[in-house]
Amino acid sequence: MTSWRHTWRLLFGIGREIGVVVCVLHVLVVATSFLGPLLLALGLRPLVDGAASGDSRRIAVGGVLSGLALLLSALAPVGYRWAVIRMRERSQMVVQRRLLTLSASAPGLAHIELPAYRDRLELLKQRSDDLADGLTLFAIGPITVVQLAVTALLLGRLQPLLLVIPLLAIPAVRLARKAERLRNSAELRTAADRRSAQDLFALATNPASGAEVRVHGVGADLVDRHGAASRTRHRVVEAALFRSVCATVAVWLCYAAAFFGAVVLVLRQVAAGEASAGDVAMVLALAAAVISAAGQLSSQAGAAMRVHTAAGHYHWLEREALREAGRTAAAPERLAGGITLDGVHFAYPGTDRPVLTDLSLHLPAGAVVALVGENGAGKTTLVKLLTGMYEPTAGRISVDGVDLTRLDPGAYRERITAGFQDYARFELAVRESVGVGDLTRMADDRAVRAALDAAGADFVERLPAGLDTPLGAGWDGGAELSGGQWQRLALARAAMRRRPLLVVLDEPTAALDPHAEHALFERVAADARQGRVDGRITLLVSHRFSTVRMADLIVVLSDGRVSESGTHSELLAQDGLYADLYNLQAESYR
Ligand SMILES: Nc1ncnc2c1ncn2[C@@H]1O[C@H](COP(=O)(O)OP(=O)(O)OP(=O)(O)O)[C@@H](O)[C@H]1O
């Protein structure tokens, strides 16, 4: 659990981003909205006593105060709503920007695959509104306390026993905090069920999975599974909710008893001639105000706990993102030696099964290296380690002698580029979808067109608005692309960086036709020749041996180890796994 100091710091940070003037104005508007009930109580006494004694001056004072109170009460909700909505909109923008920055800028992937991380991220997404409401809440809270204290003082002056009513706010606040803890623990316990229900919902409604869902007729099964996950979650959450509602009802019953007690007490004082009719009116109004303030305070305490919980999730995420902040070594300007893996072991987070075992390998500067092996051999995993998405569980990877875990991840990322088999579909305008490959050159149409040329994505010229065409059928005027066309855009993205030190192409041609594949590899070879000046390493993962054979070095992975390495002719001469796989594929083409 994060400390309250962290929560305050986070809220002040959000406030600073929103703007100090906006925040101060907000507090003033909210504070004014609390004045109405107090003024009414103060105005009622002279009004009633003045009416009883025929004192027109007191009637006038009471009338003005009560009128002012009614005016404030009528206007306050409008101002309050305006202030709160405005503040919520602004703080939501700030919170969402912060969340996106944290999630998308964390250099590694390791945390994203941990179930606990994904559960927390999901909870934080749900609760980002709580965080956004935090500022309002922390402005209202102290005001409510002041309102409660002033009201309590006025009540206590009349009859000290009446001080019991405001004191009831203490157990109410404690109960509200307890209720929030119950709710939070129920949500954490059922976070996996909620995520599962959401994933199933997305699977059933997502166009990408729509075809398979229908062909295999699994629609009804998805509905059942979704229902089961939702029911499990609701059972736990509703039980927690019921317990907290019972506690709240108990507190309100105490308030009701205290209110009636106050009435009886003051009536007895009136009967004894110790209080006037105006005092009765004031006590009733003050008791009502105090009960409403205490009720607000207890719900604010619950909301404050929610803010605190959300802030806890936020700090957890922030710690993950900053974990790599200590890495400051600069990426080399050009590669002289190359990248070396030394006794690398790796198991995915949350698993014990090693995927890479004692892997030692040297990728020489300026070389085109092909990585081959059967399904599940660990090729993509090795790529993820080389691109800094994960760190080895043991052993080390060094770039020109510098440990990869010491390199500034941002600077290293700027000098690598990659095209993946599981490419992302950035549903943006074509220019942006390609430009994200190098944000600094996104607005440079010549750079974007050169990258599109390099990837053979000439279909873009035929799109209705060229580079401005939005991508994705779900958008107005959006163009939907074929799998191969999306993959060409992914390749164009990978071609955006100017002087990469490492170019990774992980089965980049799976969705391309043979012509496109041939053209792509000609370009890869030409680019690799150009990049030799910088010592650029081109790493190609492929199952197609016709393209693999052109590599300077071919590495065969088997069960997470290097089983063979050498040039095409050396490996054929060794007559091992590579020769087997190559001959098998060559035969199937004869
Ligand atoms: N995110 C992950 N979490 C846990 N295990 C994983 C994860 N990704 C891959 N694996 C496991 O790691 C092993 C190697 O997977 P990897 O994707 O590296 O193989 P590959 O050689 O690229 O296979 P393919 O040729 O099928 O693409 C597999 O057994 C797979 O189950």
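All values derive from a computational prediction rather than experimental measurement. Ligands are counted one by one from 1 in listed order, and the atoms in each one are counted from 1 as well. Throughout, numbering of the chain's residues begins at 1 and tracks the sequence.
Of the N or O atoms in T380, one or more lie within a sub-3.5 Å distance of an N or O in ligand 1. In terms of N/O distances under 3.5 Å, ligand 1 is approached by K379. Residue contacts with ligand 1: G376 is placed with a nitrogen or oxygen under 3.5 Å of a nitrogen or oxygen of the ligand (distance criterion only). Not a single N or O atom of V355, backbone or side chain, sits closer than 3.5 Å to an N or O atom of ligand 1.
Proximity to G378 (heavy-atom distance under 4.0 Å) selects the following atoms of ligand 1: 14 (C), 18 (O), 19 (O), 20 (P), 21 (O). Of all the atoms in ligand 1, the ones that sit under 4.0 Å from a non-hydrogen atom of E507 are 25 (O), 27 (O). Numbered from 1 in the order shown, with element, the atoms of ligand 1 that lie under 4.0 Å from a heavy atom of T381 read 14 (C), 15 (O), 16 (P), 18 (O). In summary, the atoms of ligand 1 found under 4.0 Å from a heavy atom of H543, numbered by their order in the structure, are 25 (O).
Proximity annotation for atom 3 (N) of ligand 1: of Y390, Y348, F346, Y348 comes nearest, heavy atoms only.
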Begin from the C-alpha positions of L467 and L452 and carry the test side chain to side chain contact (heavy atoms under 4.5 Å, CB included) through to its verdict. CA-CA 10 Å; L467 290 185; L452 286 166; 3.6 Å; yes
Go through K379 and E507 one step at a time and tell me if the salt bridge (charged side-chain N to carboxylate O under 4.0 Å, His left out) criterion holds. CA-CA 10 Å; K379 302 180 294 293; E507 301 195 42; 5.0 Å; no
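With D534 as the fixed residue, the salt bridge (Lys or Arg N to Asp or Glu O under 4.0 Å) test singles out one of R498, R415, R334: R334.
In the model, Y348 has a side-chain atom that pairs as donor or acceptor with a side-chain atom of T381 under 3.5 Å. Side chain to side chain, T340 and D342 fail the donor-acceptor criterion of an N or O pair below 3.5 Å. Side chains of Y423 and R493: no donor on one and acceptor on the other come within 3.5 Å.
Taking the ring centroids of F545 and H568, they lie at or beyond the 6.0 Å cut-off.
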